[in-house]
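When a ligand or atom number is given, it counts from 1 through the structure's own listing order.
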Amino acid sequence: MSLANNKDTSPLKSKDFGENFVWGVSTAAYQIEGSHNKNGKSASIWDIFSSKKGNIYQDQNGTIACDFYKKYKEDILLMKSMNITNFRFSISWTRVLPNGVGEVNKEGIAFYNNVIDFCLECNITPWVTIYHWDLPQILEDKGGWANREILEWFSEFATVCATNFGDRVKNWMVLNEPMVFTGAGYFLGVHAPGKKGLKHFLPAVHHAVLCQAKGGRILRKLVPNANIGTTFSCSQITPRSSKKKDIIAAKKADAMLNRLFLEPSLGMGYPTEDVSVLEKIEKYFKPEDKEDSVFEFDFIGVQNYTREIVKHSHFVPYLKAKIVKATKRKVKITQMDWEVYPPSISKMLTKFDAYSGVKNIIVTENGAAFNDVMVNGEINDEDRTAYLHDYIKEVKKAKEQGVNVNGYFVWTFTDNFEWAEGYFPRFGLVHVDFSTQKRTMKKSGHWYAKLIEL
Ligand code: BGC
């Protein structure tokens with residue numbers, strides 16, 4: 001195992017993080033559940049987007065995925081055998097509200113009740129994300145996140161989640177990575193629903209900011225003793241050179257990738273001073289929106305995988321900033337072509353912790369995809385084990401330096417459907433043979449189980 005990036009060579013021990021530090025694994029409904037049209041579930045934007053040729057690696061989809069819908073007991077038992085005491089999963093909107101709003105699907109509610117109850121039976125605490133990207137297609141047909149009516153639709157969905165599961169679920173995350181679902185889904189068009197351009201992106205951003213806070217308020221009202229958070233993707237941004245142009249480009253990228261959704265929730269508004277195009281959001285702004293964007297979250301979910309090197313580019317509209325691909329930088333990369341750079345996570349934790357409104361931080365995702373090879377039924381994924389080790393060590397460093405970080409969740413439990421990349425990147429602690437659905441714990445899974453053993 002390479003410890004090259006770490007000066008601290010003492011062995012990593014979970015007890016050094018303190019008794020109240022939570023250790024877990026993270027997942028998302030569309031990436032694991034399958035049973036895409038069973039028991040009343042309707043189509044989400046991911047069902048539709050992945051059914052269209054050319055959108056996903058080898059035209060794959062989440063129709064079956066890891067078959068978690070049928071295998072949830074087996075998977076939760078496997079978690080238990082791995083000493084995992086916290087399980088983050090999301091609620092599929094189209095399973096519980098097939099029409100997006102209106103009639104609640106009892107079978108959908110029953111499924112999540114079963115998952116929650118079985119977790120509790122196994123002494124595993126459920127951490128629920130309300131929205132992890134699978135908007136009902138029926139709502140997308142009306143404009144989806146770009147339509148202000150999403151505020152009402154989302155409120156209804158959040159209310160259904162809170163009232164049905166809030167008696168047993170106390171840890172909640174309102175949205176998963178709004179920058180990714182608005183940026184990739186409504187600006188670049190590489191994720192569902194495949195929309196492109198500012199006219200979709202800017203209203204989607206603004207409505208996601210409002211829903212983020214609205215969801216928080218709904219949970220606060222309906223769930224006694226709730227621990228309410230929301231999650232943000234983030235990457236350390238480093239300018240390619242010390243040239244002024246590159247430094248400005250890096251600042252803009254940082255505002256977009258790391259600040260855009262957090263700052264409005266803290267009452268700071270959008271980072272328009274660094275990214276002037278965000279001023280155009282004004283068009284979608286109602287007088288009450290600044291105040292309605294604010295919510296005092298109990299925790300912020302930090303999701304970090306890599307860092308980005310950014311340079312000035314005249315050809316990139318609005319931002320004039322461009323990411324220098326890790327594949328061109330002769331650095332160690334994962335199957336996602338992301339640089340392995342453990343200090344990025346401590347930098348981001350320190351950055352988020354510096355906001356006075358951020359009360360508590362949980363790393364709600366961190367992990368890596370590598371080309372796992374099975375030899376004699378075993379997967380000796382040293383790369384992933386080293387990655388997790390080195391990143392967790394950076395979390396420890398941040399904590400020792402006073403950052404209020406109190407949890408860590410690996411992305412992810414089993415190999416699963418990795419959005420536009422399909423089943424090619426394998427992120428799991430547990431290998432899945434997608435032709436038989438057989439689970440095989442990888443070396444990293446054994447390692448994590450040992451790390452978090454009480
Ligand atoms: C998302 C996950 C995704 C992971 C790895 C995050 O952006 O929340 O759904 O699978 O990163 O790409």
- Item | Element-labelled atoms of ligand 1 that are located less than 4.0 Å from some non-hydrogen atom of His132 |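 Reading through ligand 1 atom by atom, the close ones are 1 (C), 2 (C), 8 (O), 9 (O).
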- Interfacing atoms of ligand 1 (cut-off 4.0 Å, heavy-atom, Gln303):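 Checking each atom against Gln303, I get 8 (O).
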- Task: Examine the side chains of Thr231 and Asn176 and answer whether a donor and an acceptor come within less than 3.5 Å of each other.
- Result: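 Per modelled atom types, Thr231 and Asn176 side chains form a pair under 3.5 Å.
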- Message: Does either side chain, that of Tyr391 or that of Asn304, offer a donor lying less than 3.5 Å from an acceptor on the other one?
- Response: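 Asn304 and Tyr391 do not have a side-chain donor-acceptor pair below 3.5 Å.
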Determine, for [X] against [Y], whether the closest basic-nitrogen to carboxylate-oxygen distance falls under 4.0 angstrom.
X      : Y      : answer
Arg426 : Asp381 : no
Lys142 : Glu149 : no
Asp433 : Arg439 : no
Lys443 : Glu382 : yes

[atom]: which protein heavy atom is closest, and how many Å away?
atom                    : result
atom 7 (O) of ligand 1  : Glu177 OE1, 2.5 Å
atom 12 (O) of ligand 1 : Glu418 OE2, 2.6 Å
atom 4 (C) of ligand 1  : Tyr305 OH, 3.4 Å
atom 1 (C) of ligand 1  : Glu365 OE1, 3.3 Å

- Assess Trp338 for proximity to ligand 1: is some non-hydrogen atom of it under 4.0 Å away?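 It does; at least one heavy atom falls under 4.0 Å.
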- Item | Glu421 touching ligand 1 at heavy-atom level, < 4.0 angstrom | no
- Item | Minimal non-hydrogen separation, Phe370 against Gln335, with atom names |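 Between these two residues, the closest heavy atoms are O-OE1, 3.1 Å.
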- Query: Where's the contact between Asn176 and ligand 1, heavy-atom distance under 4.0 Å: side chain, backbone, both or neither?
  - Reply: side chain
- Looking only at N/O atoms, are Trp133 and ligand 1 under 3.5 Å apart anywhere?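 No: no nitrogen or oxygen of Trp133 is under 3.5 Å from one in ligand 1.
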